[in-house]
Peer 1: 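The structure is given below, and queries will be raised subsequently.
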Amino acid sequence: MSLIQQVSEALQFGFIQKALIAGCLIAVSCSFLGVFLVLRRFSLIGDGLAHVSFATVAIGLLLHQQPILISLPLVALASLFILKLNEKAGLHGDAAIGLVASFGVAGGVLIASLAGGFNVDLMSYLFGSILSISTTEVWITWVLSIAIIVCIVLFYHDLFAITADEDYARVLGINPGTINKVLILLTSFTVVIGIKVVGTMLISSLIILPAVAALQIARSFKTVILTASLFSLISVLAGIFISYIFDLPSGATIVLINFTFFVCAWVASRFMK
Amino acid sequence: MFMKVLEVKNLSTAYKSVEVLRDISFTAEAGDYIGIVGPNGSGKTTLIKTLLGLLPSSRGEILIEGKSLSHFKEWGHIGYLPQKMPFLDQHFPATAEEIIATGTYPGKCFPKKLGGNDHRAVDRVAALLEIEDLKQKPIGKLSGGQQQRVLLARAFVHEPKIVILDEPTAALDPQSRGSFYAMVKKMNLETQTTVLLVSHDIASLGKEASKLLYLDRRIIFYGGFEAFCKSPEMTAYFGSLSQHLMCGRHGNL
């Protein structure tokens, strides 16, 4: 069977269609946010929140509830807590993230242990399993991703201003504290909906890699965002098909394709100098 | 008739209970070009940040266009060039045009949008500062002098009433400094914008600025460059040799 036939066959399946819809929306959300997070030296916030989501997913599974519904408010609260620690307690950004992340992992392990050990469900959230995404999860992803993308478009100029020059943004009448809260809350929602795609272990790479790859070659801010979205979309689409055709783990495949984009962009940037 | 655009009355500012500025009072009128000078740690940047509301004052009053700072909302009337610029990082992904356009944000309602007027304003200020050819270039790839011109364009793009420039020439060589001060003077004269410019470079700035404000935690001198060079207070403060050197009059010694 040729590759095209295999792809056509894959498209007939409902679970592939759901994976493609959810994956594309999450890819765009992650790449949009990633550019601002990387440039604001907040790259690892995705990683920290993903660790927290490990605990919240465990709570969801323990309570036999949709993990995504439990995770959304709890991870959002954790994101604001990281910001507060950073702003008020005088902790550096990475220390605040590390503190909350380690608490999340410890909590997750404890809850999983109380529930009688790790089960297959928890593993799928750890390493991602977009091909097993449910219809409810697709709907939640659809609504949240659109809301996140719309928010980023609406706040684009404010986000750009605080990313370029925070002091100057204040003089422009922009409150960096408020915009930081918006950015971090959007990140928490993105992390929660993204863990089904690549898992808690790899979600930060979906945020960081497309942005870092695009930063190697794009010359303006808008082209960085568009290039990062393009890399992210192609990675997710190709990752879903490759993982289906070759029976590979989808999350890891998506991340490796993203990493390949980064290497290519880095090599290209050497020639563009 | 001269209009007071900025009045500072008995301003004091403390940082961690240490008084950084003491009893500062001065007035800026429309079209003034004021050079704020003084040694390191004299409170120049603290004064600028307090005027902009970025740092709190411990005493005194600031009036911008007749309104106290706490009630002043017309930030579109202010242009600002800060001392530290994060995108001096050569990898910051923005073109000069994108950076200049941020200067058009004040007064825009949420969600902010850039329209034809904003793009025309960017083109106009770029032409005035002779940086049209730099607009599409990444800001991080420009030289220090070119970056400063772009930031000056950003400060002037929305036709502010007051422009505050905090050590804009720190990274420039002496020749570029002179041309930068002259460019600020050109903008000051053509747009009648009040300029407050912080610098260490008294001799170069003094030739262009209409007034000098010498700060050392308090105001030591406020007036024209000629008066500065003849001021007995400044002679007592610096010694006559230093004063002559600062005024570029060592040939007359």
Side-chain angles (χ1 to χ4, degrees), chain A residues 31-32 34-43 90 149-179 182 210-228 265-266 269-270 272-273, chain B residues 45 48-49 51-55 72-114 118 135-141 150-151 154-155 157-158 160 162-164 166:
Chain A
S31 56
F32 272 24
V35 173
F36 295 106
L37 291 171
V38 167
L39 289 169
R40 288 187 63 65
R41 313 269 194 276
F42 257 145
S43 301
I149 294 165
V150 168
C151 270
I152 296 168
V153 171
L154 293 178
F155 282 98
Y156 172 79
H157 289 295
D158 302 272
L159 284 164
F160 175 70
I162 65 161
T163 305
D165 192 338
E166 200 166 301
D167 262 359
Y168 183 68
R170 277 200 193 95
V171 177
L172 294 175
I174 295 168
N175 183 343
T178 307
I179 303 302
V182 170
V212 175
L215 283 168
Q216 304 302 313
I217 50 173
R219 291 162 63 90
S220 74
F221 207 82
K222 279 185 179 148
T223 53
V224 167
I225 289 183
L226 294 175
T227 312
W266 184 79
S269 73
R270 307 293 108 177
M272 285 163 70
K273 274 186 177 172
Chain B
T45 295
I48 293 300
K49 290 197 168 184
L51 295 180
L52 291 166
L54 298 173
L55 287 176
F72 183 76
K73 299 279 180 257
E74 293 80 14
W75 289 104
H77 294 185
I78 311 288
Y80 174 50
L81 198 164
Q83 190 177 22
K84 285 180 189 162
M85 288 152 288
F87 45 81
L88 285 181
D89 167 11
Q90 61 164 326
H91 298 296
F92 191 84
T95 59
E97 187 174 28
E98 285 176 313
I99 294 296
I100 298 170
T102 56
T104 65
Y105 291 176
K108 287 193 189 299
C109 300
F110 176 81
K112 294 180 175 65
K113 281 182 189 164
L114 296 187
D118 299 311
K135 278 194 317 183
Q136 297 309 321
K137 293 194 173 161
I139 184 84
K141 304 277 189 231
V150 169
L151 296 175
R154 181 182 72 173
V157 68
H158 58 297
I162 307 168
V163 166
I164 297 175
D166 191 0

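We use all heavy atoms of the structure for the numbers below, so side chains are in, but hydrogens, waters and symmetry mates are not. Naming convention: chains lettered A, B, ... in sequence-line order (proteins, then strands); numbering from 1 in each chain. These numbers were taken from a predicted model, which means no experiment stands behind them.
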Peer 1: Find the distance between CD1 (B:Ile99) and OG (A:Ser220) and round it off to the nearest 0.5 Å.
Peer 2: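 With rounding to 0.5 Å, CD1 (B:Ile99) is 11.0 Å from OG (A:Ser220).
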Peer 1: Just wondering, more than 12 heavy atoms not from B:Lys108 lying within 6.0 Å of its NZ?
Peer 2: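 It does: B:Lys108 NZ has more than 12 such atoms within range.
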Peer 1: Can you check whether B:Pro93 reaches A:Leu39 side chain to side chain, under 4.5 Å on heavy atoms?
Peer 2: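 Counting from C-beta outward, B:Pro93 and A:Leu39 do come under 4.5 Å.
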Peer 1: Are any of the side-chain heavy atoms of B:Leu52 and A:Arg170 separated by less than 4.5 Å?
Peer 2: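 Not touching, per the 4.5 Å side-chain cut-off.
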Peer 1: Measure the OG1-CD1 distance between B:Thr102 and A:Ile174 for me, rounded to the nearest 0.5 Å.
Peer 2: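 One finds 8.5 Å between OG1 of B:Thr102 and CD1 of A:Ile174.
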Peer 1: If we define contacts as heavy-atom pairs under 4.5 Å, which of A:Val224, A:Leu215, A:Leu172 has the most with chain B?
Peer 2: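 If we count pairs closer than 4.5 Å to chain B, A:Leu172 comes out on top.
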Peer 1: Indicate the ring-plane relationship of A:Tyr168 and B:Tyr80, choosing parallel, tilted or perpendicular according to the 30° and 60° boundaries.
Peer 2: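 Parallel.
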Peer 1: At their closest point, which heavy atom of A:Phe221 faces which heavy atom of B:Glu98, and how far apart are they?
Peer 2: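 In terms of heavy atoms, the two residues are closest at N-OE1, 2.9 Å.
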Peer 1: Is the number of heavy atoms from other residues, nucleotides or ligands within 6.0 Å of CZ (A:Arg219) greater than 12?
Peer 2: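 No - once you tally the heavy atoms of other residues, nucleotides and ligands closer than 6.0 Å, there are 12 at most.
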Peer 1: Under a 4.5 Å heavy-atom cut-off, does chain A meet the side chain of B:Leu114, its backbone, both or neither?
Peer 2: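 Both backbone and side chain of B:Leu114 come within 4.5 Å of chain A.
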Peer 1: Distance check, rounded to the nearest 0.5 Å: A:His157 atom NE2 versus B:Thr104 atom OG1?
Peer 2: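 OG1 of B:Thr104 is found 8.0 Å from NE2 of A:His157.
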Peer 1: For B:Lys73, is it the side chain, the backbone, both, or neither that has a heavy atom closer than 4.5 Å to a heavy atom of chain A?
Peer 2: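 Contact with chain A: none, neither part.
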Peer 1: Where on B:Gln136 is there a heavy atom nearer than 4.5 Å to chain A: the side chain, the backbone, both, or neither?
Peer 2: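 It is the backbone, since no side chain atom gets that close.
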Peer 1: How far apart are the closest heavy atoms of A:Ala164 and B:Phe92, and which atoms are they?
Peer 2: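 For A:Ala164 versus B:Phe92, the nearest heavy atoms are CA-CZ, 3.5 Å.
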Peer 1: May I ask you to name which of B:Ala101, B:Pro111, B:Gly76 has the most heavy-atom pairs under 4.5 Å with chain A?
Peer 2: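 With the most close heavy-atom pairs to chain A, the winner is B:Pro111.
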Peer 1: Measure the CG-NZ distance between A:Leu159 and B:Lys112 for me, rounded to the nearest 0.5 Å.
Peer 2: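 Answer for the CG-NZ pair, A:Leu159 versus B:Lys112, is 10.0 Å.
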Peer 1: Could you tell me the separation between the CG atom of B:Leu81 and the CG atom of A:Asp165, rounded to the nearest 0.5 Å?
Peer 2: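 Output value for this atom pair is 8.5 Å.
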